[in-house]
Amino acid sequence: MSDKPEKFIDENGLRLDGRRVDEIRPMKMEIGVLSRADGSCYLEWGKNKVLAAVYGPRELHPRRLQKADSVLIRYRYNMAAFSVEDRIRPGPSRRSIEISKVSREAFEPVVLTHLYPGAVIDVFAEVLQADAGTRTAAINAACVALADAGIPMKGLVSACAVGKVDGQLVLDLNKPEDNYGDADIPMAMTSDGEITLVQMDGDVTPEEFKKAIEMCKEGCRQIMEIQKETLRSKFTKLEDVDISDD
Ligand code: CDP
């Protein structure tokens with residue numbers, strides 16, 4: 001028997017979790033949570049819990065893998081075995097390899113890669129609890145972790161998904177909307193609105209697709225504010241430290 005809800009949006013225009021169609025789930029981030037990593041970020045977004053860690057830039061071994069004119073960025077998206085209802089088999093899967101590739105490509109355009117030829121930056125995104133939208137959650141956390149590591153970037157990248165349920169576009173899908181909806185379009189974009197990731201599962205019309213981009217832009221704008229606020233929180237704390245001699 002399917003658990004598909006009869007309706008996703010009620011007569012007041014509210015979704016099953018009480019959100020409006022253009023509202024993102026509550027998000028909070030904490031920066032610098034891992035002392036061994038050069039940069040780190042813990043993110044909670046709805047019921048998603050993701051930890052991102054950045055190591056580097058550091059010299060890449062073996063040397064034959066080094067790029068002469070830029071840093072090599074490696075990104076590993078991983079779901080913990082206990083992060084979903086059915087246990088996830090540990091180790092890379094087709095899904096995690098694909099997500100790792102597209103996520104790396106989502107933030108690579110903002111990293112000033114030419115500054116560290118021969119070096120590597122390793123980004124790890126560990127999903128501790130999954131509830132739809134984990135690839136976008138991981139990108140949001142990874143980007144803050146990169147900034148925390150002091151990696152020079154042109155700006156931040158934020159990510160969010162738009163989907164379609166009951167014939168309407170909705171921002172930031174929850175689990176039932178992701179499972180039983182008609183479309184799921186995760187996107188990532190820079191602060192200038194340059195799109196660095198688009199994937200699409202399901203069907204939307206060209207008009208709906210254009211509207212989905214606009215909705216996603218607004219979602220990403222809100223997420224970027226939270227990312228910036230998270231970064232500011234660290235640097236404000238640093239300013240508070242009294243470094244005078246007396
Ligand atoms: O998480 P995201 O939306 O980026 O990726 P997805 O492949 O569309 O997966 C949607 C959701 O399905 C995940 O967030 C998990 O909650 C769940 N999932 C799962 O239960 N088992 C898997 N092997 C993969 C995903």
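Remember, it's 1-based here, ligands and their atoms both numbered in the order they're listed. Start at 1 with the first residue, then count along the sequence.
Panel note: side chain Gln129, backbone Lys47; a donor-acceptor pair is recorded below 3.5 Å. The closest donor-acceptor contact from the side chain of Asn140 to the backbone of Ala159 lies under 3.5 Å. At distances below 3.5 Å, at least one donor-acceptor pair connects side-chain atoms of Asp166 with backbone N or O atoms of Ile9.
For ligand 1, the protein residues placed under 4.0 Å by at least one non-hydrogen atom are Met79, Val84, Ile88, Arg95, Ala130, Asp131, Ala132, Gly133, Thr134, Arg135, Lys175, Asp178, Asp184.
By the criterion of side-chain heavy atoms lying less than 4.5 angstrom apart, applied directly or through intervening Ile, Leu, Val, Met, Phe, Trp or Tyr residues, Ile226 is grouped together with Leu171 in one hydrophobic cluster.
Summarising the geometry, atom OG belonging to Ser158 is positioned 8.5 Å from atom CE belonging to Met27; distances are rounded to the nearest 0.5 Å.
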Tell me which donor-acceptor pairs under 3.5 Å the side chains of residues 57-69 have, and how far apart each pair is, sequence neighbours excluded?
| from | atom 1 | to | atom 2 | distance (Å) |
| --- | --- | --- | --- | --- |
| Arg58 | NH2 | Asp122 | OD2 | 3.1 |
| Gln66 | NE2 | Leu60 | O | 2.9 |
| Gln66 | NE2 | Gly118 | O | 3.4 |

